[in-house]
Each structure stands twice: as structure tokens, then as C-alpha cells.
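Single-structure report; data block below.
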2 protein chains.
Amino acid sequence: MPAETKSCRSTCPIANALEIVGDKWTLVILRDLMFRNLHEYKEFLESPEGIATNILSARLKFLTEDGIISRIPHPTNGTKKLYYLTERGKTLMPLLIEMTIWGSDQISGAETPPHVITAMRNNKEEFANQTLESLAEWEAENLRTL
Amino acid sequence: MPAETKSCRSTCPIANALEIVGDKWTLVILRDLMFRNLHEYKEFLESPEGIATNILSARLKFLTEDGIISRIPHPTNGTKKLYYLTERGKTLMPLLIEMTIWGSDQISGAETPPHVITAMRNNKEEFANQTLESLAEWEAENLRTL
DNA sequence: CCGGATCCGTTTCGATACTG
DNA sequence: CAGTATCGAAACGGATCCGG
């Protein structure tokens, strides 16, 4: 009995997400953009995971070419750039939220606040909306020129 | 306003998921286990992504040691083994579902059935339950000996 | 045959030094 | 400060070999 018939509708399009989701550093950058309000090259570098400069450059380039993020010159500081999520990039949020939830309750008893997580788990929608809102705030401040 | 206070509660535990989610081949195997009802070494090898034997071995080993999957000797064929998701492994399903959804509607207009996806998107719970059910069916047939 | 370990040529990654 | 060059380390893919 061919297994393909009963499950995996449409050849399991997970493959299309592998380039993004299957890469550790890409995920770290996306997390920083979504949940930590980071927008600068230097800020990404200082993330606890310790990404290297060439890796960061490569991933930012890939994400930009792929339409997940975009960038502008820093409004006041000419030497800096600001990176931010495109609308397409924001569609990855449910995925990142699931990652956060799963990562939270796997290290049970560790440094993870107990019921904050269950709250997040029960209010994914609200959590997503709050996060989107804070992204919108940042955009309102920094993307006026567009 | 320090960005850390308003978002990223609890130091963003995404990091805990990176070993699993940040690896392409691990995700491919998990997809095969969850959505394609594959349970044998050889079946994984034949997946369209084309994983190499040594890579497959390494990932299966890691996933086993990490408690995501488990394995038993094939009930009728002594030389084969059967791999299957543990309860812990099944907790990754929401994440894989989000990956599937995201992968589906990014390749817009491609080989993806149109409204099947939106149905899946609107019925994540149901889709998850259906999938869990089909996993349970398989277990009922193959894990009797436990 | 099947799972899987080992070896090897090639590619990719990543830490650091360096440049504009 | 953003990004590149370099170079050793690791991962990958493929083939082969081994044990049951």
C-alpha cells in the first residue's frame, strides 16, 4: 500500500521552507528581527549565539534577495543600515512562534518562566498580533521616508 | 525604551530548538515520519531530497539519543528496523505543520493545490489530529509487542 | 538483501584578520 | 561600522565494505 496516497497532500511542500527554516543562523536572525527588535548588523553580531561576520553577511544577503527582509540606510547615521522584515518575512511569524514554544517547554525546569509559556501557547494569535504591532511601531518611526 | 522589556520574554528559547529545526536533514526525516508514513531506513533514503546514507545514520542516531524518535526490529523481517516518533517527537508536529503551510503558499501558483492549503491553514488543529490519528493507527499495528 | 559504519574527494562553514 | 579575504575545520555526497 503506497504510503503517498493517504497522507502528504501535494508532495509535502515543506521542502520549500527548508532553505529558510533548515538553517540555524537564518533562524537566529529572524528571531532577532521578530522578537528582539534588532535591526542593525552590529546588533545581530552581539546576539548570544555569536554569529560570525561573514555568515551574517551571507544570510542577510540571501534573505534580502529572497524577499524576506529589506534594508534602508540609517535615517540619521549615514554609515549604518537598518534591516527589517518585509510583509513576506512576517508570514514566517507563526513558525517562529511555534519554535519558541517548543524550545521553551523542552528544557523543562530550566530557566524558563513557567506559566508565561502556557499563556503564550494558549494565545498564539494574540502573541503574534502583539509582535506585529511592535514591528509596525518601529516601521512608523523609521520607514517614514518610503 | 529598552527593546528587551517589551518582547522576547525569557531570553527567546528558540535556541533550544535550533539543533532540531535548524538542520535540513532532520526536518526532512521528521516530515517523512509525520506526514508520509515512512518508517524504514530505506524509505528515508528514497525521499526526493536524496539524503546520503551516512547523513541519514547520523541524524537517526541523534534523534534517537535525543528522545525524538525510537526504533524496534521489524516484526516480520528480522533484518529491518522500524523508526517512529516518540511522544516527545510528536510535540514537534505544530512546528512541522507551520512549515508545511508556509512552504505551500510561498511557491504561489506552483504545484500546490489551491484551497487544500487554505483549508489546512484554517484547520491546523484538525489536520494535526488527523495526522496523530494515522500515526496511532500505525502504532496499533506495529507496536503491539510493547 | 538490509542497516549502517568507514573512507575519501569536494564543498561549505565559520573564526579571525583585514579593508573601505 | 558594514562587509570581504583567508584558511583551517567540519559537513557533505558517493562509494565501498561489513555484520546479521
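In what follows, every chain begins at residue 1, and chains take the letters A, B, ... in the order their sequences are listed.
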Counting only side-chain heavy atoms from C-beta out, which of C:dG3, C:dA15, D:dG3 sits nearest to A:Tyr41? D:dG3
What's B:Asn54 touching, base or sugar-phosphate or nothing? Going by heavy atoms closer than 4.0 Å. base
Per A:Ser57 side chain, nearest of listed nucleotides C:dC2, D:dT4, D:dA2: D:dT4
Do A:Leu63 and A:Thr26 come close enough that some side-chain heavy atom pair is under 4.5 Å? yes
For the side chain of B:Lys80, counting heavy atoms from C-beta on, which of C:dT16, D:dC1, C:dC2 is nearest? C:dC2
Any chance the side chains of A:Ser104 and A:Arg121 put a donor and an acceptor closer than 3.5 Å? no
Below 4.0 Å: OP1/OP2 of D:dA2 and any side-chain N or O of A:Lys81: no
Please check the phosphate of C:dT12 (OP1 and OP2 only) for any side-chain N or O of A:Arg59 closer than 4.0 Å. no
What orientation do A:Phe127 and A:Phe35 show, parallel under 30°, tilted 30 to 60°, or perpendicular over 60°? tilted
Most 5' of A:Glu43 and B:Gly50 on DNA chain D, judged by nearest nucleotide: A:Glu43
Does A:Thr79 reach a base, just sugar-phosphate, or nothing at all? Heavy atoms under 4.0 Å. sugar-phosphate
Which nucleotide, D:dG20, D:dG13, D:dA2, lies nearest any side-chain atom of B:Ile55? D:dG13
Please enumerate all residues that pass side chain to side chain contact (heavy atoms under 4.5 Å, CB included) together with A:Lys42, with sequence neighbours excluded. A:Glu46
Nearest to side-chain heavy atoms of B:Trp25, which nucleotide of D:dG3, C:dG14, D:dC12: D:dC12
Using a 4.0 Å heavy-atom cut-off across all strands, classify A:Phe44 as base, sugar-phosphate, or nothing. nothing
Using a strict threshold of under 4.0 Å (side-chain N to carboxylate O), is an ion pair present between A:Glu139 and A:Lys90? yes
Could you write out each protein N or O paired with an N or O of nucleotides 18-20 of chain C at a distance under 3.5 Å?
none

Electrostatic pair A:Asp23-A:Arg59, nearest N-O below 4.0 angstrom: yes
For the side chain of B:Ala52, starting at C-beta, report the closest nucleotide among C:dC2, D:dG13, D:dG3. D:dG13
Quickly work out the A:Arg71 CZ to D:dC1 C1' distance and round it to whole Å. 13 Å
Test for a donor-acceptor pair under 3.5 Å between the base of D:dA15 and the side chain of B:Thr53, counting only N and O atoms. yes
Is the backbone N or O of A:Trp138 less than 3.5 Å from a side-chain atom of A:Asn142, with the two atoms forming a donor-acceptor pair by type? yes
